[in-house]
Amino acid sequence: MTRFRYLAILLVFFQSFSQEQSDFNIHFSGFLETYYAFDLNQPTSETKLPFMYNYNRHNEFNVNIGLLRAKVEYENTYANIALHAGTYVDDNYANEKIKYLNEAFVGLYLDKAKKNTIEAGILPSYIGFESATTATNLTLTRSILAENSPYFMTGIKYNYKPNLKWSFSGLVTNGWQRINRPEKDVVPAFGTQIVYKSSDNSTLNCSTFAGKEYFGTELAMRYFSNLYWDYKWNSKWRTIVGFDYGLQDSSSKNEKHESWLSPVAMAQYSVSNKWQTAFRVEYYQDKKNILVATADAFETLGISINADYLFNSKVKWRTEARYLDSKEKVFVKEDDLINSNFFLTTSLSFEF
């Protein structure tokens, strides 16, 4: 509660200040999601799966994420600051000293047309199509692909948007989802993003990353790309297909390269203005456990289906059944390792 009290004080300050400045604008938003999950493997550890960061508690009611955000605009500048808490934060920010900042960045418009901008600070990830505020995602739980790519980046980002169809971005960051940077003698990481919107219903995105990251105890180069196409066919159907591919040097000498990959496809169908359903099929291959730390090579096929009920435009109740099947025995059940995992998740979220 103390964290949110600090944010409330800031919001009151900004609101008071905005009354004195005609060109000072502030917008508040938030998101709260509660959940219950049941894993048929019935794990005894605190977290259900070591490579998941959302809804990762078994047989327990909890808060996945609670978030408060303020966006401030003044003349040709803007800033976002957001605080968050929940089991997602506990799991995903476990190695960070600054855990409770979801976003904290300043932006600057470089021209009157606002085609060129620079942003610096803790930024939302430019990689992937699934957000931590999951009510906007097609499926309730995030894909394995999304869970094991960055949720956020810390650094500086340049954006160029020449028209409504194209946008280009370049980034210099602290590395693969990292706020603190202990390796002070290592060159920062680099990233790019290209987005093409042929229409309001179609988005094609390509993002890349290049930087030194740890593989075991070795710090070596990592190269990564994410490609996806999001298309809304009509008022009923929407689909997303995505593909991740990464290369990791196995040592600082760059003599050997290991790889991982993941294709995913999902479809959402709106039954009515109150009911939606979605189906996902995915595959994740990480034989050398570069990102997914399991007891053996990770080669897993997954399917899921969910049903969503929209109480109104702000409140959503979602339920999902998800099955994972692995080539090797990487899932824990009692004291044994098995090839499969099945779990149910339900959540109730509110956004404003």
Side-chain angles (χ1 to χ4, degrees), residues 4 27-39 48 52-71 80 82-92 102-103 124-125 128-147 151-152 200-201 203 228 230-240 242 264-282 302-323 343-352:
F4 293 118
H27 174 72
F28 306 120
S29 60
F31 182 78
L32 176 63
E33 183 177 41
T34 61
Y35 74 97
Y36 174 81
F38 189 87
D39 189 328
K48 291 196 291 96
M52 294 290 188
Y53 305 96
N54 283 279
Y55 320 106
N56 207 20
R57 300 294 185 272
H58 164 65
N59 195 20
E60 180 177 307
F61 292 95
N62 218 314
V63 174
N64 187 52
I65 182 172
L67 182 144
L68 289 173
R69 177 187 289 113
K71 181 177 182 179
N80 275 28
L83 296 180
H84 62 176
T87 58
Y88 154 75
V89 180
D90 293 339
D91 294 351
N92 196 45
N102 180 275
E103 294 177 2
S125 177
F129 50 86
E130 295 173 273
S131 169
T133 52
T134 55
T136 58
N137 298 340
L138 267 61
T139 59
L140 171 57
T141 61
R142 285 171 46 115
S143 308
I144 304 174
L145 154 156
E147 290 280 57
Y151 280 86
F152 62 89
D200 291 339
N201 295 330
T203 300
Y228 72 84
D230 183 342
Y231 191 75
K232 187 175 182 179
W233 298 88
N234 49 47
S235 61
K236 296 288 188 180
W237 285 100
R238 179 184 170 195
T239 60
I240 299 177
V264 61
M266 56 183 70
Q268 182 186 69
Y269 179 71
S270 296
V271 181
S272 67
N273 61 350
K274 290 291 186 181
W275 286 97
Q276 294 174 331
T277 186
F279 177 80
R280 169 179 53 204
V281 60
E282 61 182 328
I303 57 172
S304 71
I305 186 168
N306 65 274
D308 308 335
Y309 180 73
L310 287 65
F311 288 93
N312 52 51
S313 61
K314 304 298 182 184
V315 180
K316 182 180 285 190
W317 174 38
R318 316 185 79 180
T319 301
E320 180 185 276
R322 189 171 184 180
Y323 177 74
F343 50 95
L344 298 168
T345 309
T346 187
S347 79
L348 184 65
S349 65
F350 176 80
E351 59 182 335
F352 62 92

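Everything quoted here is computed from the prediction, not taken from an experiment.
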Considering all heavy atoms of both residues, which atom of [X] and which atom of [Y] are nearest to each other, and what is their separation?
X: N54; Y: A132; answer: OD1-O, 4.4 Å
X: F31; Y: A135; answer: CE1-CB, 3.6 Å
X: G128; Y: Y228; answer: O-CE2, 3.5 Å

> Should the pair R142 and Y151 be classed as cation-pi, given the thresholds of under 6.0 Å to the six-membered ring centre and 45° from the axis?
Replying inline: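 R142 over Y151 ring: yes.
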>> Check for me whether K316 meets the cation-pi criterion with F311, that is, NZ or CZ under 6.0 Å from the six-membered ring centre and within 45 degrees of the ring axis.
In response: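 No cation-pi geometry.
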Pairwise distance [atom1]([X]) to [atom2]([Y]) - rounded to 0.5 angstrom:
X: R69; Y: N80; atom1: CZ; atom2: CG; answer: 6.5 Å
X: N102; Y: L67; atom1: CG; atom2: CG; answer: 4.5 Å
X: L138; Y: T239; atom1: CG; atom2: OG1; answer: 8.5 Å
X: S272; Y: Y309; atom1: OG; atom2: OH; answer: 8.0 Å

>> Pair F129, L145 - check side chain to side chain contact (heavy atoms under 4.5 Å, CB included), show working.
In response: CA-CA 10 Å; F129 50 86; L145 154 156; 4.2 Å; yes
If you define the side chain from C-beta out and look only at heavy atoms, does anything of [X] sit under 4.5 Å from [Y]?
X: E33; Y: T134; answer: yes
X: V63; Y: L32; answer: yes
X: T319; Y: N306; answer: no
X: Q276; Y: Y269; answer: no
X: Q268; Y: T277; answer: no
X: F279; Y: S304; answer: no
X: K232; Y: W237; answer: no
X: M266; Y: V264; answer: yes

Is it true that [X] and [Y] have a side-chain N and a carboxylate O under 4.0 angstrom from each other?
X: R238; Y: D230; value: yes
X: E282; Y: R322; value: yes
X: D91; Y: R57; value: yes

Hydrogens and angles aside, do [X] and [Y] bring a side-chain donor and acceptor to less than 3.5 Å of each other?
X: T133; Y: E351; value: no
X: Y88; Y: N56; value: no
X: W275; Y: S270; value: no
X: R318; Y: S347; value: no
X: E320; Y: T141; value: yes
X: S143; Y: E130; value: yes

Does the [X] side chain pair with the main chain of [Y], one donor and one acceptor, at a distance under 3.5 Å?
X: N312; Y: V315; result: yes
X: H58; Y: K48; result: no
X: T34; Y: L348; result: yes

> Within a reach of under 6.0 Å around CG of N234, are more than 12 heavy atoms found that belong to other residues, nucleotides or ligands?
Replying inline: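 Above 12, so yes.
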>> Under the criterion side chain to side chain donor-acceptor pair (under 3.5 Å), I'd like the reasoning laid out for N62 against N64: C-alpha separation, chi angles, the key distance, then a yes or no.
In response: CA-CA 6 Å; N62 218 314; N64 187 52; over 6 Å; no
>> Testing W317, Y35, Y55 one by one against T346 for a side-chain hydrogen bond (donor to acceptor under 3.5 Å, both in side chains), which residue passes?
In response: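 Testing each of W317, Y35, Y55 against T346, the sole residue satisfying side-chain hydrogen bond (donor to acceptor under 3.5 Å, both in side chains) is W317.
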>> Which label fits Y36 and F38: parallel for a plane angle under 30°, tilted from 30 to 60°, or perpendicular past 60°?
In response: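 Parallel, since the angle between the ring planes stays under 30°.
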